[in-house]
Asks: 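One structure follows; several queries about it will come next.
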Amino acid sequence: MSWRTVVISKRAKLDLQLGFLVVRGEDTVKIHLGEIGLLLIENTAVSLTVSLLAELTKRKVKVIFCDEKRNPSSELIGYYGSHDTSNKVRSQIVWKDKTKEAVWTEIVTEKIRKQKDFLQSLGKEEANLLSSYLQQITWNDGTNREGHAAKVYFNALFGMEFTRTADNLINAALNYGYAIILSVFNREVVSNGYLTQLGLFHDNMFNQFNLSSDLMEPFRILVDRCVIKMPLLEFGHPEKMQLVNLLNDDVVIDGRTQNVGNAIKIYCKSVFDALNEDDSSVIRFYEVEL
């Protein structure tokens, strides 16, 4: 199982050699492709070969490209994620609305529970309000407890003046971390043979990652936990690497300790099983020590 997150932050040439990623820069480094789960290309001065891109796609390695500000701007997504993609897409199209709503209810509930637990670990009394929201969640979150919880949660973490639309270092860090997490979910959705565009709850015609946006919700807390520990006098390379490295943090899922990247894989598979078997009880959520 791939486990490495490789970040290319300096000028270099990348190519393929006998199953290895070869990084030619100030020094030459070789990394076996079987070890790589995510390749983040931070520097726009990096060049790479088509043969390498083709092999990375074949091996389902997530490749993220950054812009001139070193922020994630695009990613590599293969056309064929699974040998039975056509069959998987057909099943995705006919997933029952009732089943999708049941799964979304479970996801929203777990997201708010994790937000509540995190606030509780910080000694924030707003955790009590989120506890009440958990009791008020209705089918398919018809009363939008998720939206109300998000406002209380972020204000408790970052102050009453904080909004997610503001242009500041906190939001820059959050957005960067969420982009990294989203890209990993995109990889899992595609590698399982499904379309990222067809969501459970998210249904934005301009969002090509609706399904990934649905599935990632309980994992946002991992980014929040990382960001709140940062002094954030600036948001530069060291802070970005902290967010990238959270994929290597340990969590517990299905009774075993896994890194976050592998936990996402297990969780996504369980969600797809729930949707195909019409049984939301098979979903496996992760736990983390707070």
Side-chain angles (χ1 to χ4, degrees), residues 99-122 124 126-158 162-164 170-171 173-175 177-186 188-189 196 199-204 207 209-228 243 246-247 249 251-254 258 260-261 263-272 274-275 280-290:
T99 306
K100 290 191 290 186
E101 290 170 359
V103 170
W104 177 244
T105 304
E106 292 292 330
I107 289 173
V108 169
T109 301
E110 183 66 14
K111 178 184 180 181
I112 297 176
R113 185 180 72 81
K114 281 185 163 48
Q115 290 175 331
K116 182 265 295 182
D117 289 346
F118 185 38
L119 291 185
Q120 206 164 42
S121 73
L122 296 174
K124 302 284 187 179
E126 289 87 349
N128 296 326
L129 185 53
L130 264 61
S131 291
S132 69
Y133 287 165
L134 281 172
Q135 305 303 316
Q136 298 166 10
I137 291 177
T138 59
W139 182 261
N140 203 34
D141 192 25
T143 55
N144 192 28
R145 293 300 92 183
E146 182 202 12
H148 292 289
K151 179 175 175 55
V152 172
Y153 172 74
F154 282 115
N155 287 155
L157 286 183
F158 303 115
F162 177 80
T163 65
R164 282 288 291 129
I170 293 174
N171 276 322
L174 291 174
N175 292 339
Y178 294 156
I180 296 296
I181 294 289
L182 177 65
S183 72
V184 179
F185 274 91
N186 289 338
E188 292 309 317
V189 171
T196 60
L200 307 176
F201 176 78
H202 287 84
D203 189 28
N204 188 330
N207 180 8
F209 305 129
N210 283 312
L211 182 54
S212 306
S213 299
D214 287 327
L215 300 184
M216 73 176 283
E217 292 293 357
F219 284 77
R220 289 177 178 269
I221 179 70
L222 298 175
V223 175
D224 307 337
R225 291 174 68 235
C226 187
V227 170
I228 201 169
L243 289 165
L246 69 80
L247 295 175
D249 289 349
V251 295
V252 176
I253 186 167
D254 204 16
Q258 303 278 357
V260 171
I264 290 174
K265 187 186 299 288
I266 294 167
Y267 161 71
C268 284
K269 175 65 166 55
S270 75
V271 172
F272 297 138
L275 289 161
S280 61
S281 69
V282 304
I283 300 176
R284 295 293 175 259
F285 293 111
Y286 73 93
E287 296 294 336
V288 63
E289 291 185 7
L290 294 171

Asks: For T143 versus Q136, what's the shortest heavy-atom pair and its separation?
Replies: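 Residues T143 and Q136, closest heavy atoms: OG1-O, 3.8 Å.
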Asks: Are Y178 and M216 close enough that some pair of their side-chain heavy atoms sits under 4.5 Å apart?
Replies: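 A side-chain contact under 4.5 Å exists here.
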Asks: To the nearest 0.5 Å, what is the distance between CZ on F272 and CG on L211?
Replies: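 Output value for this atom pair is 5.0 Å.
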Asks: So, for L243 and C226, which heavy atoms are closest and what is the spacing to 0.1 Å?
Replies: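 Heavy-atom minimum between the residues: CD2-SG, 3.8 Å.
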Asks: State, to 0.1 Å, how close L119 and A127 come at their nearest heavy-atom pair, and which atoms those are.
Replies: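 So the minimum-distance heavy-atom pair works out to CB-CB, 3.9 Å.
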Asks: So, for S270 and R284, which heavy atoms are closest and what is the spacing to 0.1 Å?
Replies: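 Smallest interatomic distance, heavy atoms only, reads OG-N, 2.9 Å.
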Asks: Got more than 12 heavy atoms from elsewhere within 6.0 Å of CG, D203?
Replies: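 Open: at most 12 neighbouring heavy atoms sit under 6.0 Å from CG of D203.
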Asks: Check this for me, if you would: do E106 and R113 make a salt bridge, where the nitrogen-to-carboxylate-oxygen distance has to be below 4.0 angstrom?
Replies: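 A salt bridge is absent here (no side-chain N lies under 4.0 Å from a carboxylate O).
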Asks: Between F162 and L157, is there a side-chain heavy-atom distance shorter than 4.5 Å?
Replies: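 No, side chains not in contact.
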Asks: Going through the distances and angles, do V271 and L215 end up as a side-chain contact (heavy atoms from CB on, under 4.5 Å)?
Replies: CA-CA 8 Å; V271 172; L215 300 184; 3.6 Å; yes
Asks: As an exercise, state the distance from CD1 of I107 to CD of E217, rounded to the nearest 0.5 Å.
Replies: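 Between atom CD1 of I107 and atom CD of E217 there are 8.0 Å.
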Asks: Check the angle between the aromatic planes of F118 and Y153 and answer parallel, tilted or perpendicular using the 30° and 60° thresholds.
Replies: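 Aromatic pair F118/Y153 classed tilted.
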Asks: Are the side chains of L275 and L200 in contact, using a 4.5 Å heavy-atom criterion?
Replies: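 Yes. Closest side-chain heavy atoms under 4.5 Å.
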Asks: Step by step, would you call V288 with R225 a side-chain contact (heavy atoms from CB on, under 4.5 Å)?
Replies: CA-CA 11 Å; V288 63; R225 291 174 68 235; 3.6 Å; yes
Asks: From T109 OG1 over to K114 NZ, what is the distance, rounded to the nearest 0.5 angstrom?
Replies: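 Reported value, rounded in 0.5 Å steps: 11.5 Å.
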Asks: Which class fits the ring pair H148 and Y133: parallel under 30°, tilted 30 to 60°, perpendicular over 60°?
Replies: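 Answer is tilted, since the angle falls between 30° and 60°.
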Asks: Can you tell me how far apart CZ (F158) and CG (L174) are? Round to the nearest 0.5 Å.
Replies: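 Going from the CZ atom of F158 to the CG atom of L174 covers 5.0 Å.
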Asks: Between N186 and S212, does the side-chain hydrogen bond (donor to acceptor under 3.5 Å, both in side chains) criterion hold? Intermediate values first, please.
Replies: CA-CA 6 Å; N186 289 338; S212 306; 2.5 Å; yes
Asks: Kindly indicate whether the side chain of F185, heavy atoms from C-beta on, has any atom under 4.5 Å from the side chain of T196.
Replies: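 In short, these two side chains do not touch, never coming nearer than 4.5 Å.
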Asks: With a 4.5 Å cut-off on side-chain heavy atoms, are H202 and W104 touching?
Replies: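 Heavy-atom side-chain distance check passes, below 4.5 Å.
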Asks: I228 versus L122: any side-chain heavy-atom pair under 4.5 Å?
Replies: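 SC-SC contact between I228 and L122 confirmed.
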Asks: Rounded to the nearest 0.5 Å, how far does CZ of F219 lie from OH of Y286?
Replies: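 Rounded to the nearest 0.5 Å, the OH-CZ separation comes out at 6.0 Å.
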Asks: Which heavy atom in T163 sits nearest to a heavy atom in N171, and how many Å separate them?
Replies: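 Of all heavy-atom pairs spanning T163 and N171, the closest is O-ND2, 2.9 Å.
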Asks: Looking at N175, L246, V223, L247, which hits side-chain contact (heavy atoms from CB on, under 4.5 Å) with I180?
Replies: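 So, applying the side-chain contact (heavy atoms from CB on, under 4.5 Å) to I180 and each of N175, L246, V223, L247, only L247 qualifies.
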Asks: Between CD1 of I283 and OH of Y267, what distance do you get to the nearest 0.5 Å?
Replies: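 One finds 6.5 Å between CD1 of I283 and OH of Y267.
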Asks: Is a side-chain donor or acceptor of N207 paired with a backbone partner of F209 at a separation under 3.5 angstrom?
Replies: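 Checking the backbone N and O of F209 against the side chain of N207, a donor-acceptor pair under 3.5 Å is found.
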Asks: Check for a donor-acceptor pair, side chain of D249 on one end and backbone N or O of V260 on the other, with a separation under 3.5 Å.
Replies: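 Between the backbone of V260 and the side chain of D249 there is no qualifying donor-acceptor contact (under 3.5 Å).
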Asks: Would a distance-only check, ignoring hydrogens and angles, find a side-chain to backbone donor-acceptor pair under 3.5 Å from D141 to E146?
Replies: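 Confirmed, D141 side chain pairs with E146 backbone.
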Asks: Looking at every heavy atom in both Q258 and A263, which two are closest together, and how far apart are they?
Replies: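 In this case the closest contact between Q258 and A263 is CB-N, 4.2 Å.
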